**Student:** 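Take this structure first; my questions come after.
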Amino acid sequence: MSNFKVVITDYEFATLKPEEEVLEQAGVEFVKTQCKTEEEVIEACKNADGILNQYAPITRKVIEKLENCKIISRYGVGVNTIDVDAATKYGIIVANVTDYCMDEVSDHALSLIMACTRKVTKLNNEVKAGNWDFKVGVPMYRLRGRTLGLVGFGKIPQTLALKAQALGLNIVTYDPFVNEETAKQLNTEIVDLNTLCERSDVISVHAPLVESTRGMISKQQFSRMKKEAFIVNTARGPVIDEEALVEALHDNEIAGAGLDVVEEEPISSDSELLKMDNVILNPHVAWYSQEAQVELKTKTAQNVADVLNGKYPTYLFNPAVKEAESVFVK
């Protein structure tokens, strides 16, 4: 094991102690870098046996230059920074962490739903500006009996569904990969995306960012939504067509938005979204709690340690790699 090298492409954590503890037990050399470009990733990782990745791009160009890499393990559920098809072609395992922050993100989504529908932020700002008047929040509607539409129905939105049902919300969901039986068990209804947009009083986005979901909520979807509807996004910014969202908000096609993620992060200082008092913006924080961060970091590193020990990781994202001509030997 002492001959293995693991590189972290980039990180924004204050400490890498959880990763260090896992990788130290595996006896690997752990190299810390802060890459931003393809060229920087290539230079840092070309002879790495394993890679930890947060935001740096691991494109086909990068993957073609990796000489020894057996695994790329990404912090989080999404793997949109990695060209998974290229990794699979070259026999490189891609791993993520699918079961962390389920409570954190579902709690945060519910917080944004409540803040939007109860106009919490707008009312707070008005009071601090000297305006003690409940009418600035008019109209508001009772949540009980209204409909929450979930775009994507994986573990996080399933957790959210249970919490939202406790408030009396009815749940509809759009997810082409979820069967009717799963939906029935959670007392939800599967519908197509257009129907979800038409019926929902609040829409919460939980779809992963892949080519087929990029911009999936756009002009057509906004035109079908109720004028009093809100949209919340705690998944990935580009799942929503931001230009279409701004247009829908300007034209009063929808009532507002609660966004933990946006197309460009950090958000551009000239974004129209910053000027709108019916938009709540957070800095991609829904995943965070002290406990979730430690869990994420430990499991991301453990994926790498498992592979370098000759095992497939618990969180194997690209099972097709098992059929590829791979540098990894079980």
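Predicted model only: the values in this text are computed from it and were never measured.
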**Student:** Between Leu52 and Tyr11, does a side-chain contact (heavy atoms from CB on, under 4.5 Å) hold up when you go through it step by step?
**Tutor:** CA-CA 9 Å; Leu52 302 180; Tyr11 58 96; over 6 Å; no
**Student:** Could you check Arg199 against Glu189 for salt bridge (charged side-chain N to carboxylate O under 4.0 Å, His left out), going step by step and ending with a plain yes or no?
**Tutor:** CA-CA 12 Å; Arg199 288 176 53 182; Glu189 181 185 354; 3.0 Å; yes
**Student:** With heavy-atom distances below 4.5 Å as the criterion, would you say the side chains of Asp99 and Val97 are in contact?
**Tutor:**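 Yes, at least one pair of side-chain atoms sits under 4.5 Å.
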**Student:** Run the side-chain contact (heavy atoms from CB on, under 4.5 Å) check on Asn233 and Ile217 step by step: do they pass?
**Tutor:** CA-CA 11 Å; Asn233 190 3; Ile217 309 293; over 6 Å; no
**Student:** Is atom CD of Glu64 surrounded by more than 12 heavy atoms (other residues, nucleotides or ligands) closer than 6.0 Å?
**Tutor:**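 For Glu64, atom CD is crowded (more than 12 foreign heavy atoms under 6.0 Å).
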**Student:** I'd like to know whether CD of Gln34 has more than 12 heavy-atom contacts from other residues, nucleotides or ligands below 6.0 angstrom.
**Tutor:** yes
**Student:** Taking atom CZ as the centre, does Arg118 end up with more than 12 heavy-atom neighbours from other residues, nucleotides or ligands that are less than 6.0 angstrom away?
**Tutor:**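 No, because the 6.0 Å sphere around CZ of Arg118 holds 12 heavy atoms or fewer from other groups.
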**Student:** Output, in order, the C-alpha distance, side-chain angles, deciding distance and verdict of side-chain contact (heavy atoms from CB on, under 4.5 Å) for Thr300 and Arg74.
**Tutor:** CA-CA 6 Å; Thr300 303; Arg74 186 170 190 278; over 6 Å; no
**Student:** Not counting sequence neighbours, list each pair that qualifies as a side chain to side chain donor-acceptor pair (under 3.5 Å) and has a residue in residues 135-153.
**Tutor:**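 Of all non-adjacent pairs touching residues 135-153, those that pass side chain to side chain donor-acceptor pair (under 3.5 Å) are Asp133-Lys135, Arg146-Asp201.
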**Student:** Under 3.5 Å, is there a donor-acceptor pair between the Asn53 and Thr9 side chains?
**Tutor:**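 Distance-only check passes for Asn53 and Thr9.
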**Student:** Checking Asn303 side chain against Pro313 main chain: does a donor-acceptor pair fall under 3.5 Å?
**Tutor:**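 Judged by distance alone, no pair lies under 3.5 Å.
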**Student:** Looking at side-chain heavy atoms only, is the closest gap between Trp287 and Asp260 below 4.5 Å?
**Tutor:** no
**Student:** Which residue in the set His108, Gln293, Glu104 passes side chain to side chain contact (heavy atoms under 4.5 Å, CB included) when paired with Tyr288?
**Tutor:** Gln293
**Student:** Would Glu198 and Asn194 count as having a side-chain donor-acceptor pair, cut-off 3.5 Å?
**Tutor:** no
**Student:** Output all residues satisfying side-chain hydrogen bond (donor to acceptor under 3.5 Å, both in side chains) with Asp270, sequence neighbours left out; order by chain, then residue number.
**Tutor:**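 Residues passing side-chain hydrogen bond (donor to acceptor under 3.5 Å, both in side chains) with Asp270: Ser268.
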**Student:** Under a 4.0 Å N-O cut-off, is there an ion pair linking Glu39 with Lys61?
**Tutor:** yes
**Student:** Does Lys275 come within less than 4.0 Å of Glu272, counting only side-chain N to carboxylate O?
**Tutor:** yes
**Student:** Is Val261 close to Val239 at the side-chain level, that is, under 4.5 Å between some pair of heavy atoms?
**Tutor:** no
**Student:** Is any side-chain heavy atom of Ser200 closer than 4.5 Å to one of Val172?
**Tutor:** yes
**Student:** Got a donor-acceptor contact below 3.5 angstrom from the Asn282 side chain to the Val285 backbone?
**Tutor:** no
**Student:** Main chain of Ala183, side chain of Thr188: is a donor-acceptor contact present, judged purely on distance under 3.5 Å?
**Tutor:** yes
**Student:** Going through the distances and angles, do Glu19 and Lys297 end up as a salt bridge (charged side-chain N to carboxylate O under 4.0 Å, His left out)?
**Tutor:** CA-CA 6 Å; Glu19 294 92 331; Lys297 290 154 68 64; 3.0 Å; yes
**Student:** Given side-chain contact (heavy atoms from CB on, under 4.5 Å), test Leu110 with Leu167 step by step and report yes or no.
**Tutor:** CA-CA 10 Å; Leu110 188 57; Leu167 298 175; 3.8 Å; yes
**Student:** Is the backbone N or O of Gln220 less than 3.5 Å from a side-chain atom of Ser223, with the two atoms forming a donor-acceptor pair by type?
**Tutor:** yes
**Student:** Any chance you could measure Cys197, atom SG, to Ile203, atom CD1, to the nearest 0.5 Å?
**Tutor:** 4.0 Å
**Student:** Checking the side chain of Asp10 only, and the main-chain atoms of Ala56 only, is there a donor and an acceptor separated by less than 3.5 Å?
**Tutor:**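 Confirmed, Asp10 side chain pairs with Ala56 backbone.
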**Student:** Going by side chain to side chain donor-acceptor pair (under 3.5 Å), name the pairs with one or both residues in residues 157-171, residues two or more places apart or in two chains.
**Tutor:**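 Listed once each, the pairs are Asp103-Lys163, Ser106-Lys163, Asp107-Lys163.
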**Student:** Taking the side chain as everything from C-beta on, heavy atoms only, tell me whether Phe4 gets closer than 4.5 Å to Glu29.
**Tutor:**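 In short, these two side chains do not touch, never coming nearer than 4.5 Å.
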**Student:** Decide yes or no for Val6 and Leu308: does some side-chain heavy atom of the first lie under 4.5 Å from some side-chain heavy atom of the second?
**Tutor:** yes
**Student:** Closer than 3.5 angstrom, by distance alone: can the side chain of Asp175 be matched with the main-chain N or O of Gly152 as a donor-acceptor pair?
**Tutor:** no
**Student:** So how far is it from Gln54 CD to Leu296 CG, rounded to the nearest 0.5 Å?
**Tutor:** 8.0 Å
**Student:** Kindly check if the number of other-residue, nucleotide or ligand heavy atoms within 6.0 Å of NZ (Lys65) is above 12?
**Tutor:** no
**Student:** Spell out, as yes or no, whether a donor-acceptor pair under 3.5 Å connects the side chain of Asn179 to the backbone of Glu181.
**Tutor:**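 Between the backbone of Glu181 and the side chain of Asn179 there is a qualifying donor-acceptor contact (under 3.5 Å).
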**Student:** Judged by modelled atom types alone, do Thr121 and Asn124 share a side-chain donor-acceptor pair under 3.5 Å?
**Tutor:**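 Not at all, the side chains of Thr121 and Asn124 share no donor-acceptor pair under 3.5 Å.
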**Student:** How many angstroms lie between CD in Glu40 and OG1 in Thr33, if you round to the nearest 0.5 Å?
**Tutor:** 8.5 Å
**Student:** Could Lys299 and Tyr100 be counted as a cation-pi pair, given that NZ or CZ must be under 6.0 Å from the ring centre and within 45° of the axis?
**Tutor:** no
**Student:** Could you tell me whether the side chains of Tyr55 and Glu265 share a donor-acceptor contact shorter than 3.5 Å?
**Tutor:**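 Their side chains do not contain a donor-acceptor pair, so the 3.5 Å distance test is not met.
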**Student:** Do Cys69 and Lys5 come close enough that some side-chain heavy atom pair is under 4.5 Å?
**Tutor:** no
**Student:** If you measure from CG on Asn96 to CD1 on Ile72, what distance do you get to the nearest 0.5 Å?
**Tutor:**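 Rounded to the nearest 0.5 Å, the CG-CD1 separation comes out at 12.5 Å.
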**Student:** Just by distance, do the side chain of Thr213 and the backbone of Val210 share a donor-acceptor pair under 3.5 Å?
**Tutor:**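 At least one qualifying donor-acceptor pair exists.
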**Student:** Nearest 0.5 Å, please: how far is CG in Leu148 from CG in Leu169?
**Tutor:** 5.5 Å
**Student:** Dump the intermediate steps for salt bridge (charged side-chain N to carboxylate O under 4.0 Å, His left out) on Lys32 and Glu20, then the final yes or no.
**Tutor:** CA-CA 10 Å; Lys32 300 147 193 169; Glu20 290 169 345; 2.6 Å; yes
**Student:** If you define the side chain from C-beta out and look only at heavy atoms, does anything of Thr234 sit under 4.5 Å from His206?
**Tutor:** yes
